[in-house]
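Note that the structure is a prediction, hence the values are computed from the model and not measured. Quick note on labels: first sequence line is chain A, next is B, and so on, each numbered from 1.
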Amino acid sequence: MQDTPIDSARTSSVPFVADDDTSLPLRINGKPFFHGGDPSMPLLWFLRDTLRLTGTKFGCGIGACGACTVLVDGKAQRSCLTPISAATGHDIVTIEGLATGDALHPVQRAWIEADVAQCGYCQAGQIMAAVDLLKRTPKPNDADISRITNLCRCGTYPRSRQAIKRAAELMHGATK
Amino acid sequence: MSKPVNDSRRHFLSVMAGASGALIVGWRTALASQSDLPLELRGGVAEQLGPFVRISADNRITIGARGCEIGQGVITSLPMLIAEELDVDWAQVKVEQLPYGYIETDKGPGNKYGSQGAGGSDSIPQGWKDLRQAGATARWLLLQAAASDWQLPLDQLRTEAGFVIAQTGRRASYGQLAAAAAKIDPPTEPVALKNPDQFRVIGKPTLTADGPAIVTGRAEFGIDAYMAGALFAVVLRCPHMDGDIDTLDDSEARKVPGVKDVIRLPGPKPDEPITGQLATGIAVIAENTWAAIKGRQALKVTWTPGPWASESSATLEAKATELLRGDDGVKVRSDGDFAKARKDAKKVFEARYQVPFLAHATMEPPNALIKIEVDHALLISSLQSPSGASQIISQLTGIPRDKIEIRMTRAGGGFGRRLKNDFVAEAVLIAKAVGKPIKLIWTREDDIAHDFYRPFGVHHLIATLDKKKEITGFAHRCAATPRPYRDVGMKDSPIYTGCLEPDDFPAQLIANLEKTFYPIASGMPRGWWRAPLHTFHAFAVQSFIDELAIELKQDPVALRLKLLGAPRELSYAGHGGPMFDTGRLANVLKVCAEKIGWGRKPGQDRGLGIACHFTFGGYAAHAFEVSAIDGVIVIHRAVCVVDVGRVVNPLGVEAQMMGGTIDGLSTAINLGITVKDGQVQQSNFNDYPLLRMAQAPENVEVVIAPSDKSPSGAGEMGVPSALPALTNAIFAATGFRIRTLPIGDQLKKVL
Ligand code: FES
Ligand code: FES
């Protein structure tokens, strides 16, 4: 949608370079980046405005909705509440970095299969939360799944619940 | 029959809805360049069969999706209509979002793609009328091409899954025929459509076309659009309705690194229509979103409160009570003689229900990216009404509408919020002021405090009973903040429009029936909110019927069926008419009752509740099994039965019903906007708490009633009856009747 192509982290393999000594190094989807601006800027806006990794969404800015969820050292975290100063030095994975090459993560596959998305806006966050849940709880029951606090305005919860169970099967074999 | 045309004339097929709603299929010279088409749909006209279909020589079939995808699934369901009549396998099809298709016609503004907006659950009914014809026309051209190439009569040819096949066994793929087909004159009359028993795409569960893009973060929403050279803007809007800036000190804001400018943005004058921006504000323009947000935090502003400074939810409630006591409402409907029925009644039964203002809270907050040049404008935004956006841009810039390019993206929810283009107006004004492209973002706080809210209302219902306990009269009195408020689109609408529907159930089913509307003045902007008046109509009426059944010691399902009576069509002038079929409503109710096991005793502390409603041509019923121990609502089972006529994509309809049900539950349990001192009191998801997974039912069992009627949409019917079905179930479980929404902590106080 950009009218003039911009080098984005999505397509470019050239990492952003540090512009001075105070730049904060970041590791995002396995690639190194530097942030030279306000260290209090939430990771969310660095991902979106600077790197154009727009899969991570802005929904509330107060940690209430989870649309901005990314993995920080493998743990789901709200990037709207994560200042860059706190993200530096950690390994960050966004929705764009979840698949391995063309091979989608099992959660992504289960999500397509269950046709979870309606408007789709919360979905990256939901998927990241599910990836985290399945890492901690490989065979989650309904109560475990209910602990996901990401909001979905469209009400996709029944299908995301189903997709999480399916992903658990894809990852660890049939439940029960 | 058909003659090849000169290639260089660059003709393509134009399909437009005429003034009468009839389809006009004809030639139109491609004067306007096709450069606004997505890449996949561009290219040699030789391969373009009408505005929606492109087939390349290597048999890649691309279908354009014209609708605003707001989560209702039209990026899948509308192209399915075309694919069906084109007669291709869905797996062969690649879908591309079309841009806004404004064109000038001799009859005035037109759209080369037909109807593109998303509202009133109209996309599918519209597409059913014209998009199937678009697909059929493309198929017709391919058949003609084969007939002419093979020198065979048409009746010896058929199509199947992207091939034209002759009786002789000769076959060619659409790709092989595309170039020849594109040179053929299109038909002068609509071509025959398939019989439903030939359908191979329509009616098949189909995954959303954008699924892979969504799960990988590649799907593009309006908020994801960036533009080289664009600056970022956020606006601090006056928190007082129709208030103004008193003092402004922006010196600190301007010091925030990255902040480029601070400008005043005047709002609409009180009492003038709201056609553009919603409120007076101060725009902070910066190099990135975060700098703009920080700059805004550093503004020092005082406000003058404006004419509504004393408005509060308490004053609105008091006003409703006062109005409902008097007798000077607007008569909306009067059948028979309700006053006499009341006088003669053995018993009069009445109850009052209250519903709050609601914010839309689309998950993707409003935003717009705009570039304005001397004689051209480009807008990229999440929209529900691209034509409205085009109009407001033209009004504010003077740029003719055919020079305004609008690229449509997925929208992170709509629910009626994006039928307004106030955010587009703001972006235009800022872009004009700073002379740069602008990417405007609303924060959630902006969105909750500045919306076109679902109206507030109090519904007083009265039933009169004779000595045999038969219902002899019914009155529906509604005191509400009228929907037509500073809305030019509604200047000719009766004042009750959007709050009280004259023909809604139980109109025409009870001899003496009266509906009266009492307008309450309010400064809150109002708009359409998913299944607008039906959300509170259904709550009031379906709660009341439940109360009445209990009063009469009748079964609530049986009472509803008795009222609906023999299956027949009643006239219905409102949206979704012209007819309301009592039999279809009775049927979804019966199926729903059966599915939940109506009549059984649910477990201890549990109750069953049911309700049904007709919305925009669709019929829905909900039933829930709930408990509310210590006031904690647990929904153990949720059933939704729907009849939306013929179903295009069952997976999509099921999703809409699941989502609609959960929207209804979320709204009933948690959501309400309140006013104090002329200001909205809620600010974000902490105090406007959408239902979370833990509160939602684990499943919503959706039953789609089979039907061969023309399809209605499905985006809105899943909401209305969910609210009363829930509160009816809560009554069954606890004996406590919810008459005011949201439920909030009402149960915790009494249980
Ligand atoms: S945007 Fe981060 S939690 Fe909502
Ligand atoms: S899919 Fe729309 S908010 Fe979740």
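B:Ala361 touches chain A through backbone and side chain together, each having a heavy atom under 4.5 Å away. In this structure, the portion of A:Leu104 lying under 4.5 Å from any heavy atom of chain B is its side chain and not its backbone. Heavy-atom distances place no part of A:Gln126 under 4.5 Å from chain B, backbone and side chain included. For B:Ala411, the part lying near chain A is the backbone, with the side chain staying farther off; criterion is any non-hydrogen pair under 4.5 Å. Heavy-atom distances place no part of A:Leu98 under 4.5 Å from chain B, backbone and side chain included. For B:Ile223, the parts lying under 4.5 angstrom from a heavy atom of chain A are both the backbone and the side chain. With a threshold of 4.5 angstrom between heavy atoms, A:Thr156 does not approach chain B through any atom at all.
A cation-pi arrangement, defined by a distance under 6.0 Å to the six-membered ring centre and an angle within 45 degrees of its axis, is present between A:Arg52 and B:Tyr226.
In plain terms, the two heavy atoms of B:Gly413 and A:Cys119 that are nearest each other are N-CB, 3.3 Å. A pairwise comparison of heavy atoms in B:Glu698 and A:Asp142 identifies OE1-OD2, 3.2 Å as the closest pair.
Applying the ring-ring contact (aromatic ring centres under 6.0 Å, His included) rule to pairs touching residues 52-92 of chain A yields A:Trp45-A:Phe58, sequence neighbours excluded.
Highest contact tally toward chain A, considering only B:Ile214, B:Thr216, B:Asn288, is held by B:Thr216 [criterion: heavy-atom pairs under 4.5 Å].
Contacts between residues 662-671 of chain B and chain A, counted as heavy-atom pairs separated by less than 4.5 Å, involve B:Ile662, B:Asp663.
Ionic pairing of B:Glu364 and A:Arg153 is not present here: no N-O contact between side-chain nitrogen and carboxylate oxygen is shorter than 4.0 angstrom.
Atoms CZ and CE, on A:Arg161 and B:Met693 in that order, are 5.0 Å from each other to the nearest 0.5 Å.
Under the side-chain contact (heavy atoms from CB on, under 4.5 Å) rule, A:Gln118 has a single partner from B:Met363, B:Gln72, B:Gln656, B:Glu69, which is B:Gln656.
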Would you check, one step at a time, whether the test side chain to side chain donor-acceptor pair (under 3.5 Å) holds for A:Asp49 with B:Thr289?
CA-CA 7 Å; A:Asp49 286 355; B:Thr289 314; 2.5 Å; yes
For a salt bridge (Lys or Arg N to Asp or Glu O under 4.0 Å) check, start with the C-alpha distance between A:Glu96 and B:Arg218, then their side-chain angles and the critical distance, and finish with the verdict.
CA-CA 8 Å; A:Glu96 290 90 347; B:Arg218 283 185 289 111; over 6 Å; no
